[in-house]
Amino acid sequence: MESRPHLGPAGGVNLQSKLSPYMPTNQKAEAAAQAAAGESSSLEVRYTPAEIEAKWQARWAEQPELYAAEPASSPKQKYYVLEMLPYPSGQLHMGHVRNYSIGDALARYMWMQGYNVLHPMGWDAFGLPAENAALKNDTPPREWTLGNIAAMKRQMNRLGLSYDWRNEVTTCLPDYYRWNQWFFLRMYERGLAYRKKSKVNWCPQCATVLANEQVVAGCCWRHEEQIVEQRDLEQWFLRITNYAQELLDDLSKLEGWPEKVRTMQRNWIGRSEGARVEFEVEDGSAAAEDEEKARKTGTAILPAREGVGGTGQKIAVFTTRIDTIYGATSVQLAPEHPLMKEMAAADPALSNAVAALLEQQRKAREAGDVGAIEKHGAFTGHYAINPFSGERLPVWVGNYILLDYGTGAIMSVPAHDERDYEFAKKYGLEIRVVVLPRRTGETPAEGEVQALLPFTSEDSLLINSGEFNTLGCVESQSKMAAHAEEHGFGNATVTYRLKDWGVSRQRYWGTPIPMIYCPNDGIVPVPDDQLPVLLPDQVEITQQGGSPLARAPEFVNTTCPKCGAKALRETDTMDTFVDSSWYFYRYTDAKNDQAPFDTSTVAYWFPIDQYIGGVEHAILHLIYSRFWTKVMRDLGLVKNDEPVERLFTQGMVIRNGAKMSKSKGNVVSPDEMVERFGADATRMYSLFAAPPDRDLDWQEDGVAGVSRFLGRVWRFAMKHAERAKAAAGKEHPTTDKEMMDALRHPTPASQLILRKLHQTIRKITEDFAGRWHFNTCIAAIMELVNTLTAAEPAIAAGEVPDAVLAEVLRTLTLLLAPFAPYLAFELWEHIGEKENLLRAPWPQFDETLAREEQIEIPVQIKGKLRSVVRVDAEADEQAVRDAALADEKIAALIAGKEIARIIVVPRKLINIVVK
RNA sequence: GCCCGGAUGGCGAAACUGGCAGACGCAGCGGACUUAAAAUCCGCAGACCCGCAAGGGUUGUGGGGGUUCAAGUCCCCCUCCGGGCACCA
């Protein structure tokens with residue numbers, strides 16, 4: 001067993017495991033304490049979670065099979081419950097505790113429901129913090145990471161989490177990351193992994209490239225104050241855009257996912273339907289004299305003219321509103337558009353203008369308000385021909401045009417687009433109305449339309465649009481796209497906001513990309529039989545940019561697998577999101593050294609039945625995981641289209657109104673809570689303080705309250721354990737003769753207790769199946785215990801048979817098992833149960849026992865509560881009515897008044913409406 | 001600006017399809033036990049008003065309207081807080 005020096009008192013007492021499993025040690029200690037305090041001998045056993053939990057931890061450590069999933073050949077129905085794997089920072093925080101408490105409760109419940117449960121855990125172990133720690137503490141990343149993993153694993157075990165550690169996955173170990181490399185090679189073979197030179201987001205502090213998803217408001221996601229720069233680098237990309245449509249379509253299948261997450265992904269994929277239209281750049285030589293003025297400012301359209309030739313260069317624009325193309329009064333290019341480079345090269349003034357635009361963009365990014373940036377632009381001096389009208393439109397460069405969306409160029413239609421309108425107003429460009437509100441009767445007056453600008457509704461009619469006049473917008477969109485296609489200057493098309501996934505990172509602590517650069521053969525993939533490409537241990541980590549691996553000659557220098565010539569290895573490593581994109585498949589077969597996993601085992605376990613984690617992963621991790629699954633499916637490795645059947649995103653843990661963070665100084669350490677109140681109380685509080693999907697306000701007094709409650713449970717159970725144990729020694733209490741007698745002639749006390757008991761079973765069972773309001777489940781158990789302690793005098797008076805008591809204690813223990821496992825195991829033993837609690841069947845509720853015999857019906861007069869009457873639960877409408885009217889208070893209040901109507905809601909209320 | 005959440009006692013919250021608002025817990029107050037304290041147990045408790053009391057009345061779920069016998073819950077408008085996206089053509 002591992003030592004646990006950091007756990008304080010609890011750690012010191014665990015020698016108990018050597019003693020009898022039953023209670024004497026506790027009792028002796030307690031008796032001694034009481035004797036020392038000079039108290040009487042009344043043996044009230046005190047709840048000491050430190051002792052109980054240490055005892056069970058030691059026992060569980062000796063039973064690695066306790067939480068083991070059965071093999072895929074099991075006849076049981078499978079249930080795969082998964083919590084998002086943590087980054088091994090070295091310390092669990094309360095968010096983890098909450099996440100794992102939810103998952104653990106569910107796993108334990110499903111075990112008790114008879115499922116074959118897979119409940120694994122692992123470590124997202126590559127990543128930058130290890131390199132930072134190496135710089136700071138001079139500790140090798142590997143050592144630092146593995147040390148952190150050991151520490152966090154101890155914390156998890158201390159919490160009593162039911163993980164099947166046989167399938168632990170640690171992403172920074174070669175037996176895992178070799179499969180990252182293997183997948184990368186498969187993707188390369190299929191053209192899904194490719195290399196291209198591209199502008200990349202560069203964080204100077206991380207000294208590496210960031211994915212688009214890691215850029216938040218123009219800044220690095222890890223360094224909120226750090227402006228992300230743009231650099232040109234050769235990078236590896238994964239072609240996630242090949243799956244854009246499927247990723248979008250399949251969102252509708254994910255009915256077990258929060259609508260919020262699906263919406264976020266839908267927006268992220270950002271599909272829009274529209275058309276691509278080519279505008280030919282005009283050959284400037286044909287300019288007539290009378291056009292000179294317009295040419296200088298670029299604020300007017302030049303009419304179509306015979307004989308004006310194009311230069312052959314084309315500007316492709318993307319638009320979702322091709323129906324407004326006759327209203328286009330300029331063409332706008334992104335400052336980084338390739339054509340701009342050419343135009344600027346020949347025109348120093350334009351070159352300066354473009355530089356100024358880029359500078360503004362950079363500044364806006366620094367200021368953090370990219371969206372609110374003021375629009376600027378410049379006329380390029382060139383014209384392009386509208387292929388529909390033949391008109392010649394001025395070509396502008398605008399800072400509001402994004403290079404990496406659509407084609408990096410637009411047609412500007414000021415009358416029918418807000419942004420174009422704003423730009424045109426500022427620069428005096430023509431605003432031409434081509435769409436009018438759809439209306440019965442005559443055309444709206446010109447001035448009326450002016451007041452509506454920019455008019456963007458598509459429920460409208462076209463005007464000034466040549467042969468398309470009087471068509472509706474939507475109708476004309478398909479007609480115009482077809483027209484463009486027919487004449488060869490455009491087509492209907494779809495664009496996505498989603499970009500290919502740049503996976504190259506100029507970092508040390510990640511998966512080496514398995515590629516070799518050969519002077520003869522170019523890019524050569526590492527052959528499968530040479531995997532893994534091992535990450536070398538001895539690499540100096542510095543703050544200078546570039547890939548640290550490039551400074552490790554023994555790594556870089558290799559031979560070409562094809563020709564044997566001296567060659568160089570790729571020195572970039574993979575984005576860590578690669579690691580987390582498929583780790584949950586590895587859990588099913590973590591020791592496989594022939595393949596990433598066994599496909600039939602995965603076929604049994606997948607999809608994941610329930611995934612639980614923070615909403616912060618709604619886009620990145622969860623979209624990459626879906627992509628990876630689809631690629632693996634196309635590789636024939638898995639049968640499922642989606643990895644996760646049901647997703648649950650839990651709320652944040654906050655304290656004093658803010659998310660726990662070191663900078664706010666409001667962090668509560670799980671270790672401290674566990675030490676003071678025990679793991680059961682800490683976990684149970686995290687479920688009790690709020691429903692799991694809402695934010696949770698951490699209050700230490702609340703943890704103390706839960707701890708007190710567990711103490712009440714403990715004392716009640718210990719007081720009656722012997723009687724219960726005696727009864728449990730017979731057949732199962734519910735079929736026992738004594739029990740049947742008790743039910744046939746129930747004393748009022750037993751009846752009350754059993755009713756509450758079965759109401760509680762019903763409540764918790766229903767919640768696990770649906771709402772997951774564990775806060776009210778725990779409240780229900782508290783109510784049950786309150787009922788039990790209130791019944792103590794009756795129990796003492798012998799009004800509750802042993803069999804009933806045994807059934808109550810047994811069931812109470814089962815109900816507690818998902819939420820407070822240590823206490824439940826301890827009580828289970830005390831009441832003489834031998835069976836493994838984790839596999840004991842979840843109690844069934846008995847509707848007859850749960851039913852109330854008499855209920856209180858509120859009596860309202862004109863909607864105001866005036867009295868309450870007691871009636872039989874099955875009382876019919878007439879009986880309720882009679883009871884209400886017979887009530888003294890009611891009779892007095894309605895005396896002499898005329899009754900207009902009486903509303904009786906069976907089992908709920910009665911409302912008497914008087915005139 | 002757009003899209004999601006949310007607003008209920010001193011605090012965390014409950015009220016699942018409209019039907020006794022505030023379950024359960026925290027903090028608080030009173031009492032029992034104790035030399036005392038801790039621990040434990042019992043009781044009180046939205047606010048306001050009347051009453052010595054038992055009890056009774058009014059009011060109350062961010063604000064304003066509406067539907068209904070009945071609204072925390074449904075509809076319309078508004079305010080504030082949290083989160084996400086943000087020039088996506």
Side-chain angles (χ1 to χ4, degrees), chain A residues 37 39 44 46-47 216-217 258-261 263-264 266-268 270-272 274 317-321 324 332 364 369-375 398-402 404-413 417-420 422-423 495-497 615-616 618-619 651-652 654 657-659 685 688-691 693-706 708-709 711-712 715 766-767 770-771 773 775-783 785-786 789-790 792 856-868 889 900-905 907-914:
Chain A
E39 282 186 19
E44 178 139 291
R46 197 166 167 156
Y47 172 56
V216 179
E259 191 51 49
K260 178 185 174 155
V261 173
T263 304
M264 284 166 79
R266 209 169 276 127
N267 292 340
W268 191 261
R271 179 195 153 100
S272 55
V317 305
F318 174 73
T319 177
T320 54
R321 293 296 305 277
T324 65
Q332 300 276 341
D369 55 350
V370 187
I373 179 175
E374 203 196 326
K375 292 177 178 48
N399 67 344
Y400 69 109
I401 312 304
L402 307 173
D404 57 2
Y405 183 77
T407 58
I410 63 153
M411 62 177 201
S412 174
V413 185
D417 182 279
E418 294 192 17
R419 295 149 304 180
D420 295 345
E422 187 189 333
F423 190 87
T495 59
Y496 299 89
R497 211 186 78 128
V615 74
E616 65 273 17
I619 300 173
M652 289 188 302
I654 58 176
K659 186 178 178 175
Y685 175 75
F688 176 64
D693 55 325
R694 291 249 295 260
D695 285 351
L696 183 153
D697 187 79
W698 194 271
Q699 298 183 354
E700 275 166 46
D701 287 339
V703 191
V706 171
R708 275 199 291 273
F709 162 69
R712 278 200 296 280
R715 282 186 299 276
E766 286 174 356
D767 252 290
R771 285 204 312 165
H773 279 198
N775 54 331
T776 56
C777 289
I778 292 165
I781 300 176
M782 288 173 171
E783 285 187 57
V785 172
N786 289 347
T789 45
E792 285 282 21
E856 291 193 331
I857 299 281
V859 185
Q860 296 181 336
I861 294 175
K862 282 183 93 172
K864 283 200 194 290
L865 179 71
R866 294 301 176 189
S867 186
V868 175
K889 277 184 248 169
R901 57 191 284 211
I902 297 182
I903 292 124
V904 179
V905 184
R907 300 181 62 87
K908 289 279 188 195
L909 113 173
I910 172 166
N911 188 7
I912 300 163
V913 186
V914 293

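Below, chain A is the first sequence line, B the second, and so on; all start at residue 1. No hydrogens, no waters, no symmetry mates; every other heavy atom, side chains included, goes into these values.
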Nucleotide [N], atom [atom2] - distance to [atom1] of [X] in whole Å:
X: A/Lys375; N: B/A89; atom1: NZ; atom2: C1'; answer: 11 Å
X: A/Phe688; N: B/C24; atom1: CZ; atom2: P; answer: 10 Å
X: A/Asp701; N: B/A13; atom1: CG; atom2: P; answer: 15 Å
X: A/Asp767; N: B/A14; atom1: CG; atom2: P; answer: 11 Å
X: A/Ile654; N: B/A13; atom1: CD1; atom2: C1'; answer: 13 Å
X: A/Lys908; N: B/G18; atom1: NZ; atom2: P; answer: 10 Å
X: A/Tyr405; N: B/C85; atom1: OH; atom2: C1'; answer: 14 Å
X: A/Glu792; N: B/U40; atom1: CD; atom2: P; answer: 16 Å

Please find the pair of heavy atoms, one from [X] and one from [Y], that lie closest to each other, and give the distance.
X: A/Arg771; Y: A/Thr776; result: NH2-OG1, 4.2 Å
X: A/Ala690; Y: A/Asp695; result: CB-O, 3.7 Å
X: A/Thr495; Y: A/Gly406; result: CG2-CA, 4.1 Å

How is [X] classified with respect to the nucleic acid when contacts are heavy atoms under 4.0 Å: base, sugar-phosphate, or nothing?
X: A/Gly406; answer: nothing
X: A/Lys659; answer: nothing
X: A/Ile401; answer: base

Is any side-chain N or O of [X] closer than 4.0 Å to OP1 or OP2 of [N]?
X: A/Arg266; N: B/C85; result: no
X: A/Arg694; N: B/G83; result: no
X: A/Lys864; N: B/U59; result: yes
X: A/Asn267; N: B/C3; result: no
X: A/Arg497; N: B/A89; result: no

Go through [options] for me and flag the one nearest to the [X] side chain.
X: A/Val905; options: B/A23, B/G19, B/A89; result: B/G19
X: A/Ser272; options: B/C24, B/A13, B/A89; result: B/A89
X: A/Met264; options: B/G84, B/C24, B/G12; result: B/G84
X: A/Asp417; options: B/A14, B/G56, B/A89; result: B/A89
X: A/Lys260; options: B/A13, B/G83, B/G25; result: B/G83

[X] side chain near [Y] side chain, heavy-atom distance below 4.5 Å:
X: A/Gln332; Y: A/Ile410; answer: yes
X: A/Asn786; Y: A/Arg712; answer: yes
X: A/Tyr400; Y: A/Glu422; answer: no
X: A/Arg321; Y: A/Asp417; answer: no
X: A/Ile912; Y: A/Arg866; answer: no

Start with the C-alpha distance between A/Thr789 and A/Arg715, add both sets of side-chain angles, then the distance that settles side-chain contact (heavy atoms from CB on, under 4.5 Å), and finish with yes or no.
CA-CA 10 Å; A/Thr789 45; A/Arg715 282 186 299 276; over 6 Å; no

_In terms of relative ring orientation, are A/Trp698 and A/Tyr685 parallel, tilted or perpendicular, with 30° and 60° separating the classes?_
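Rings of A/Trp698 and A/Tyr685: perpendicular, as their planes differ by over 60°.
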
Checklist entry - Pick the nucleotide of RNA chain B nearest each of A/Glu766 and A/Ile410; which residue has the one closer to the 5' end? => result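 The residue whose closest nucleotide sits nearer the 5' end is A/Glu766.
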
Given that A/Asp420 and A/His773 both sit by RNA chain B, which one's nearest nucleotide is further toward the 5' end?
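Its nearest nucleotide lies further toward 5', so the answer is A/His773.
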
What pairs of nitrogen or oxygen atoms, one from the protein and one from nucleotides 41-49 of chain B, lie under 3.5 Å apart?
none

May I ask you to check whether over 12 heavy atoms, not counting those of A/Glu700, lie within 6.0 Å of atom CD?
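Enclosed.
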
Report the glycosidic orientation of B/G30: syn if within 90° of 0, anti in every other case.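 What B/G30 shows is an anti base, its glycosidic angle lying more than 90° from 0.
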
Sort me out a list of protein N/O and nucleotides 69-72 of chain B N/O pairs below 3.5 Å, or just none if empty.
from, atom 1, to, atom 2, distance (Å)
B/C69, OP1, A/Arg901, NH1, 3.3
B/C69, O2', A/Asn911, ND2, 3.2
B/C69, O2, A/Asn911, ND2, 2.6

